[in-house]
Amino acid sequence: MERSLNHREDSFESISDELHLEASEAVKTDAGPRPPSLPLPGAVLGKPPPPARPSPSSRPTTPPEPRSSRRPVAIAAAAAIAVVVVLVLVAKGQVRTTSSSSEPPSARAGPAAAAPGAPAAERSRRGISDGEILFGMSSPFTGAIKELGRGMKVGIELAFAATNEAGGVHGRRLKLVALDDEYDPARTAAVMRELVEQRRVFGVVGNVGSLSASASVPYAVENKLLFLGALSGAPALRREPPERYVFNFRPSYAEETAAAVRYLVGVRRYAPSEIAVFAQDDDFGAAGLAGVVQQMREYGVNPEGILKLSYKRNTAEVDGAVRQLLAATTPVRAVVMVATYQPAGRFIQRASDSGVARTFTNVSGVGAEELADELGQAGKRAMDVVVTQAVPSPRSQATAVMRYRSLMEKHQVGERPSFVSLEGYVVGNLLVEALRRAGKDVDTESLIQALEGVRELDLGIGAPITFGQRDHQGSHKVWGTMLEPSGTYRAIELD
Amino acid sequence: MHRYFLRTLALALLAVAPGLASAVSPATDGEITFGMSAPFSGSSREYGRQLKVGWEVAFQLANDAGGIAGRKLRLIARDDGYDPVRTQAAVKYLVEDQRVFGLVGVFGSANAAAVLPYVLQHKMLYYAPYSGAALLRNDPPDRYVFNFRPSYTEEAAAIVKYLVEVRRIKPSQIAVFMQQDGFGEAGWAGVAKMLRKYRRDPAQVLKVAYPRNTVQVEEAVKVIRQNAPRLKAVIMIAVYKPAVRFIERLRSSGVDLVFTNLSAVDPNELGEQLSALGPDYVKDLLVTQIVPLPTSKSSAIIKYQEALFRYAPSERPDFVSLEGYLAANILIEGLKRAGKDLNTETLVDALESIRSLDMGIGIPVGFGPSEHQASHKIWGTAPEKSGGFATVELE
């Protein structure tokens, strides 16, 4: 079960970045000025173009594309920043990222003078020409969690590359323009506007960072923009009933932590009272905590009694949490963690050094590979560390995952298979399938209809994907993985 | 001089032999060769024999109907004595010397564990092994591994559910008798998983074991006898010989328990040997099955019986040969779909395209990229005093 064929070593990483840079540059050229002959949305429908559409000549001056890939992977760098942090509260928009100021993204120059009032029908074929469909992505490509933005982009581009090689969808090639929001929700709004108003993307796919969802989801819904497959398990993306334009592939963080609690109690035989929570002090942490509370209620445990430890978002300050853990009156043997990899890694080291807790579970948003690297540097990989995942192991020998790896070898030489890029690949394929079903005359509304018609779609990852009008989350399946001393993860059964 | 010449000739012929063997490789237009490693000696030899019968009958039926895209199917079976180390050698021989196209019906869980890394590394088809072990059922499934039968987890779940909900036995009154190896562990994992659902801590379950490839059940019998007053049922994860001996010893000492066994036991042998001992010995015995009764009169099973009568007239219908026969027929469907342009990759793609195939066994079977197990159906059966089996409702 612990096969690790096709394993790529970390040493390829720097090569990977160089090559990736070239790839980025290539896309950049592609994403450059649009030939004037291409039919624009307004022209297609015989209506005047939207008022504030930037003139094609202005585009070359806008440096597009993420710059993150130019930087070598600096895993131990900077303060730990939440990966898939969910921050619904706009109030928290002041949060900064460590490296944001040094890498101004193209979007910064993006005009805020947009065309909000364009008719819906007109907007809905934006980004579609005879030969191409353009999608956008707003994700962090700089800063401490840039690896997650990069992973999603790599995965989606693999799915697009494979599709384009086979002739595209109904004759159209798929293209992704990914812009850096620097992991700053205030930037996300501007990036989203640039994607829609300047880049004129058809929809947004694979956004990373739930923090940004507070800015991007309302914008997408307001502008009837497809918002598909974000890397986030946050409730902000999962309204009930679901918002028409928002589709998720992955399970919620609450589903992940509930599965973790069931595992700790059912399989590992810990008493519910022996389980504590360590969570980021924001909506990301709150989303995970909700799942713990829900599962504890199932066990007849009063959620008030759960020991809740927290740390401040954007820091790795875990001393307070560790002190609280040591002072706990009832002994804690397992901790459900809803944290990013740096504070998570540090907390595991401290808590295990003190000999208090034994087993640590993490949600997928932790960044499994990065957590393994953190713990590897501290010599702590032998710890009992579990990570729940939204996709199966990227080293699986299943047909779809093998195909993902062989595409990666071909299109992203030197890239290391990861849970995040596999998720991007799955999201990309889901989009491709929906586009196929929507037909040649696709527009946003017909694509939504096609997505809502997806039932039991088998993309080969083990869990069939189903959507409906009432359910915009394709998968509810949570995989269990356990960290091995080698730094890879092996599959475990959660129940 | 003569002697010397003959010896040289013999050596020369031996040297040519591997070349001859490779002539029947999948590359030839006329034939597709599959390899099977199973016990044809030792205490589990009946399994190997029956499995081979089922596969060969299906192949002969297909060959007499003209083969697949003009090619005949052939099976090369190799004895491993149920010993994982010998399975490794057998599989290596089949792959490297016999150059088989794929492996089918390899017998045993520990045996699968021993050869799976080699098989996957060589991208060899590992089709319908006789095992319900989890390592053959990764999620998502390994591309080259296809199962016909349900997992031991599914069988164990059906058994535990039956004991608790139909027989009204408390989870705390259930003990486990298991083979001491990968097979026992695989079955136990399924039982433990289901017991947890009933809030029973698997660590508290009374577990007794016997060594693989033996009938040394005395210690297990002793422990169960001592604990009999607080027990109502024993779930057995065993092959037929030790299973028969275990039941025989306990029944003869007056221990009155419900015994259940996984399908892997070879139910025919179990039933026959126990009913030969007396009517009391088959009482309260449940065997889960992953194929319908081989004596059933449904169309598909009649076809199996007729094929058996035609190609293996000395054989009686049997659960194990029926399993081989049914698994072979899904493979044949895959080969047909792959057509003339046959290689492992096209065959795997073709197999993954088989959805909801109605073979006439009461449930549709099929595969998909996320689904490499054809069937999830468990039947309950009880051996009858007169021989044969009665069906038991599991829910």
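Chain A is the first sequence line, chain B the second, and so forth, proteins listed ahead of strands; every chain is numbered from 1.
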Quiz prompt | Between B/Arg199, B/Lys193, B/Lys197, B/Glu371, the one whose heavy-atom pairs under 4.5 Å with chain A are most numerous | solution = B/Lys193
Quiz item: Contact part of A/Val265 toward chain B, heavy-atom cut-off under 4.5 Å: side chain, backbone, both or neither?
Solution: neither
Practice problem: Using the six-membered ring of B/Tyr82, assess whether NZ or CZ of B/Arg212 lies under 6.0 Å from its centre and within 45 degrees of the ring axis. | Solution: yes
Practice problem: Tell me, out of A/Pro392, A/Gly462, A/Gly266, who's got the most heavy-atom pairs with chain B below 4.5 Å. | Solution: A/Gly462
Exercise. Please look at B/Arg200 and chain A and tell me whether the side chain, the backbone, both or neither of the residue comes under 4.5 angstrom of a heavy atom of that chain.
Key: backbone
Exercise. Give the ring-plane orientation class for A/Tyr425 versus A/Tyr404, where under 30° counts as parallel, over 60° as perpendicular and anything between as tilted.
Key: tilted
Quiz prompt | Check: A/Thr481 main-chain N/O paired with A/Arg490 side-chain donor or acceptor under 3.5 Å | solution = no
Quiz prompt | Working for side-chain hydrogen bond (donor to acceptor under 3.5 Å, both in side chains), residues A/Arg250 and A/Ser364 | solution = CA-CA 10 Å; A/Arg250 56 156 47 228; A/Ser364 58; 2.8 Å; yes
